[in-house]
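Heads up: the structure comes next, in structure tokens.
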Amino acid sequence: MARKLKTYQTSLGFFDLAIAAPSMKAALEAWGADSNLFHQGAAKESHDPDIIAASMAKPGVVLRRPVGSDRTFSEHAELPTNLGGGGSTKAARKSKGPKAKKPSSRAVDEAAERKAALAYEREQKRRDVERAREEAARQKERERRQQAVDKAQAALDKAEQNHAKRSAAIQAEVEALEKRSQTEEARWDKEKERLQAALRRARG
């Protein structure tokens, strides 16, 4: 059975965020938060009727608006235009303060709640499918890179083996030449000694 949704609100970076979700944990996951913003006092359940209406219209979708403003939440919000003016931001926050605390005056009937909860589940499934698709793409990319690494490693290993064989052959040739050189030196020493002896005898 679909769980009843609540509207949660926080501020991250340049935007205020809102979402209709069945739990704080689900809201944190949708926001991509790496810590419990609710325990830190940086997130809360919203009772603003306008924010509730906007989030319930698109359950499970993270809605945004420029941080510190009182604009309507939407999927695609523009960056804040008053980042340099602290005063205007504070004024905007002050002006929306009482509004945020105002209890909801719109009664959401059970049929609307069920519809929103089912829409949230559809959005959640869509996000899960998208994440699975992205993970499959990342896995495919990892496998492609691993194949490229394996191919390059195999080429390097083969080149090293060929180099080792050639080096061994060259070393064998060097040793053979060295042996021939030593043999030639020994032969020459004997022949030279014989010819020098003959020369001494000829001179008398």
Side-chain angles (χ1 to χ4, degrees), residues 8-19 21-43 58-67 74-81 83-84 120-204:
Y8 299 101
Q9 186 177 352
T10 189
S11 294
L12 287 176
F14 297 120
F15 298 101
D16 290 334
L17 307 180
I19 187 172
S23 66
M24 294 179 180
K25 180 180 179 182
L28 291 171
E29 289 178 355
W31 290 334
D34 54 6
S35 61
N36 193 327
L37 301 177
F38 292 97
H39 286 177
Q40 297 169 8
K58 294 186 177 181
V61 177
V62 177
L63 303 181
R64 296 174 172 81
R65 72 180 179 189
V67 67
S74 63
E75 283 189 71
H76 308 288
E78 296 180 357
L79 285 170
T81 57
L83 293 177
Y120 173 83
E121 290 185 356
R122 285 196 298 271
E123 175 63 19
Q124 186 67 31
K125 288 178 181 177
R126 185 195 67 77
R127 267 206 306 264
D128 290 344
V129 169
E130 186 175 340
R131 285 183 189 139
R133 189 183 298 116
E134 290 174 353
E135 178 56 31
R138 285 193 292 269
Q139 180 62 28
K140 187 174 181 180
E141 177 63 16
R142 284 194 292 267
E143 290 175 356
R144 186 193 66 77
R145 288 185 180 180
Q146 188 58 49
Q147 289 176 354
V149 169
D150 292 344
K151 184 177 179 180
Q153 185 64 51
L156 175 61
D157 293 343
K158 184 177 181 180
E160 287 181 341
Q161 291 173 0
N162 289 337
H163 169 67
K165 288 180 181 178
R166 291 179 180 180
S167 295
I170 292 172
Q171 184 62 33
E173 291 177 6
V174 169
E175 292 176 356
L177 289 172
E178 183 66 25
K179 186 174 182 181
R180 286 176 59 190
S181 176
Q182 292 175 357
T183 301
E184 175 60 21
E185 287 297 323
R187 185 201 66 76
W188 168 242
D189 288 344
K190 290 181 180 179
E191 184 177 2
K192 181 180 179 181
E193 183 178 351
R194 180 179 63 78
L195 292 175
Q196 286 176 341
L199 177 58
R200 287 195 297 270
R201 286 196 299 274
R203 287 175 176 172

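It should be emphasised that the depicted structure is a prediction, and the values quoted were computed from it without experimental measurement.
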Salt bridge (charged side-chain N to carboxylate O under 4.0 Å, His left out) involving D157 - partner list, sequence neighbours excluded: none

To the nearest 0.5 Å, tell me how far R166 CZ sits from E173 CD. 12.5 Å

Salt-bridged, E141 to R144, with N to O below 4.0 Å? yes

Rounded to the nearest 0.5 Å, what separation is found between the NZ atom of K158 and the CG atom of N162? 6.5 Å

Separation between CZ of R64 and CD1 of I19, rounded to the nearest 0.5 Å: 10.0 Å

So, are R126 and E123 salt-bridged, with charged N and O less than 4.0 Å apart? yes

What's the separation between atom CD in Q9 and atom CG in L63, rounded to the nearest 0.5 Å? 10.5 Å

Evaluate salt bridge (charged side-chain N to carboxylate O under 4.0 Å, His left out) for K125 paired with D128, printing each intermediate quantity in order. CA-CA 5 Å; K125 288 178 181 177; D128 290 344; over 6 Å; no

Check the side chains of N36 and Q40 for a donor-acceptor pair under 3.5 angstrom, ignoring hydrogens and angles. no

Show the nearest heavy-atom pair for residues A21 and A27, with the distance to one decimal. CB-N, 4.0 Å

Between S181 (side chain) and L177 (backbone), is there a donor-acceptor pair under 3.5 Å? no

Count the heavy atoms belonging to other residues, nucleotides or ligands that lie under 6.0 Å from CZ of R180, then report whether that count exceeds 12. no

Tell me, yes or no, whether the heavy-atom count around R138 atom CZ, taken from other residues, nucleotides or ligands under 6.0 Å, exceeds 12. yes

Can you find a pair of side-chain heavy atoms, one from Q182 and one from E185, that are under 4.5 Å apart? no

With a 4.5 Å heavy-atom cut-off, do K151 and Q147 have their side chains touching? no

Within a reach of under 6.0 Å around CD of E193, are more than 12 heavy atoms found that belong to other residues, nucleotides or ligands? no

Salt-bridge test for E135 and R142: reply yes if a basic N is under 4.0 Å from a carboxylate O, no otherwise. yes

On a heavy-atom basis, the closest approach of L37 and L28 is N-CD2, 3.7 Å

Could you report the tightest heavy-atom contact between T10 and A42, atom names first, then the distance? OG1-O, 2.7 Å

Value rounded to 0.5 Å, distance of OG1 in T183 from CD in E178: 10.0 Å

Which residues pass the side-chain contact (heavy atoms from CB on, under 4.5 Å) test with R203, not counting sequence neighbours? L199

Under 30°, 30 to 60°, or over 60°: which ring-plane class applies to F38 and W31, parallel, tilted or perpendicular? parallel

Can you give me the closest heavy-atom contact between S23 and A26, atom names plus distance? OG-N, 3.1 Å

Between R131 and R127, does a side chain to side chain contact (heavy atoms under 4.5 Å, CB included) hold up when you go through it step by step? CA-CA 6 Å; R131 285 183 189 139; R127 267 206 306 264; 3.8 Å; yes

Heavy atoms only: give me the nearest P66-D16 pair and the separation to one decimal. O-OD2, 3.8 Å

So CD of E175 and CD1 of I170: to nearest 0.5 Å the spacing works out to 12.5 Å

